[in-house]
Novice: 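I am attaching a structure below and will ask some questions about it afterwards.
Remember, it's 1-based here, ligands and their atoms both numbered in the order they're listed.
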Amino acid sequence: MCGIVGYLGKKDGIKSVLLGLKELEYRGYDSAGIAAIDIEGILIDKKVGRVSKLEKSLKKSSNKYSLAIGHTRWATHGKPTEANAHPHFNTSKNIFVVHNGIIENYQEIKDLLIKNGYKFESETDTEVVPHLIDYYYNKTNNLEKAFELTIKDLQGAYAIEMISTLSPRNIYIARLGSPLVIGNKNKEYFIASDPTAIIEQTNKVRFLEDYDIAIVSDKGLKVKNLRSNKDSKSNFELLEYVSEESSLGKFPNFMLKEIHDIPKTIETALKGRINVSKGTVKLGGLDSVIKQLEHIDRIIIIACGTSYYAGLVGEYLIEEIAGIPTEVQLASEFKYRNEPISRSTVVIAVSQSGETADTIAALKKVEEYGVLRLGVVNSIGSSIARMTDAGVYCHAGAEKAVASTKAFVAQTTVLALIALRLSKSKGLLNKKVIKELDKLPKLVEEILDSSDKIKTVANKYKNNKDFLYIGRGYNYPSALEGALKLKEISYIHAEGYAAGEMKHGPLALIDESFPTMAIATDSRLLDKVKSNIEEIKARKGPIITISTKGNRNISKLSDDNIFIPSTIEQLQPILVCVSLHLFSYYVAEGLGRDVDKPRNLAKSVTVE
Ligand code: M6R
């Protein structure tokens, strides 16, 4: 889950690499490092902490270095220390490597290298790579060959860049299971884990595929696929690029900004896709597969984390609106299950980043079943967007805070649109859902306007050690999402439960110190939720309710209440989750947490 970048050209490589690293910090932010080469020599700098720390240290260097590679790390093997930070190098310090992914057979390779006299300075899996290149170089006296032989020995997932004073105008690159893109502008080359890191510098890009190894040099780009053993064409494509507002504006951090982006996010997700007066939905991304979609009898949604919870809302929506049996599976579990999947099944991958390793692996697993694979993805041009047969973009814009907020809303909105598009009926429910979808941006504005009230409630409960979130029906996923968001950014233990499950175990937890956030909005299941609330109250558990504006009966039942505007229950998770996101945000802010970059996490989980 790290980010890697590289630069080869005639300009300031350090500046270019730092620019890319800052964009990739969402992939990991516990340490950062850079290696650069030019006629003046080698520069290597690593710092524990954020890219800004590395940047500060690099300001001392007046040299520009026209060849450089950089890395921002999320620790997998070994603690965040300078020794474990990338780039890693061989003992002679003439081969430098940055790596994203995991080398699964690193211990085996390390043992062999140690037997051959190699010494290691770090606890990482990556350090075997420069030493192994060195080992093969000593045998072959050919750096390109040594790189290729090394890559062939590696098992696991990787995106690797290597530079060396033995060949100081080349960057050697390899990819298996971790994304890599190469950008080009005249005689400059930019390498990165994803296009966002280089798009400000060029939109002319070439995505590498699994088993590709490549060399970037002043002569151009050379790509070879190790599986087919053939040279690949180095065709660049122009990436559609919409410049995004990346500054915080009036907001103190990206999470709050992104929550406030939500009305616009919904508008964009719906734009050109719904016709309220006709009650119809148009999704251009599905046009090419619409005939196939007419014959499906099962949908499997695969996702992780918050995207999984959006998928759960999607399951309820698709089953009720389109009448197609749907299930949601955690990608990390799905990929190892041996379940029968028929060709009339559609697999939908939901992912903000489009780079989540488990979701990618789950999609790869179903490749051999010959099923249709769709994507509900936010990041344009990401791996999942490119590997699926068709799909619908979320168009939520860049989401920078680790905690997913506006992307969850966009995913849920898009899944509602897919449910409507798959529905063979054009009945009352469909019309109602379309009409209410159209109203959502204004309703979210109302919630944002009531932020102060949510902040007051958050401050009252911020010192609690545990939290339970309960909901039923469409708001069962909201309870799970609310709990995840609270633990993720405030580090308070929180669990989400189906309210009906309370008596089957969790009720034992309840006492005066264990508050419950009960989602008790107007719905077919409200009376049932009310009974669950009474049962908690009878055990002295403090209750915060989320209820529908105007329903005073619920607020009377609880210690504290947060109102959401009225909407149909099918779309309530969107409004409920905006309130729950704000609640978590204010708890975390009150506790002084680093809201955008919570400890131990990264925005994009690119290792399994
Ligand atoms: O990029 P993805 O949507 O595939 O990411 C999935 C999860 O890693 C992500 O939703 C994670 O749970 C968030 N940090 C939650 O806020």
Novice: Measure the distance from atom 8 (O) of ligand 1 to every protein heavy atom, then report the residue, atom name and distance (to 0.1 Å) of the closest one.
Specialist: Val605 CG2, 3.8 Å

Novice: Determine the sole option in Thr124, Thr76, Leu154 for which the side-chain contact (heavy atoms from CB on, under 4.5 Å) test with Ile103 is passed.
Specialist: Leu154

Novice: Heavy atom under 4.0 Å from ligand 1: found in Lys485's side chain, backbone, both, or neither?
Specialist: side chain

Novice: If you have a sec, work out which protein heavy atom is nearest atom 10 (O) of ligand 1 and how many Å separate them, to one decimal?
Specialist: Thr306 N, 3.1 Å

Novice: What is the nearest protein non-hydrogen atom to atom 6 (C) of ligand 1, stated with its residue, atom name and distance?
Specialist: Cys304 O, 3.3 Å

Novice: Run through Ile489, Leu580, Thr306 and flag the one making a side-chain contact (heavy atoms from CB on, under 4.5 Å) with Leu484.
Specialist: Thr306

Novice: The test is side chain to side chain contact (heavy atoms under 4.5 Å, CB included); show your working for Leu440 and Leu270 and say whether it passes.
Specialist: CA-CA 10 Å; Leu440 278 181; Leu270 297 177; 5.8 Å; no

Novice: Tell me, with the steps shown, if Ile544 and Phe467 meet side chain to side chain contact (heavy atoms under 4.5 Å, CB included).
Specialist: CA-CA 10 Å; Ile544 313 166; Phe467 253 95; 3.8 Å; yes

Novice: Parallel, tilted or perpendicular for His581 and Phe408, by the 30°/60° rule?
Specialist: perpendicular

Novice: Quick one: does Ala403 get within less than 4.0 Å of ligand 1, heavy atoms only?
Specialist: yes

Novice: Out of Thr356, Val402, Ile302, Ile360, whose heavy atom sits nearest atom 5 (O) of ligand 1?
Specialist: Thr356

Novice: Residue-level breakdown please: for Lys603 versus ligand 1, do any non-hydrogen atoms fall below 4.0 Å on the side chain, on the backbone, on both, or on neither?
Specialist: neither

Novice: Anything under 30° is parallel, anything over 60° is perpendicular, the rest tilted; go ahead and classify Phe514 against His493.
Specialist: perpendicular

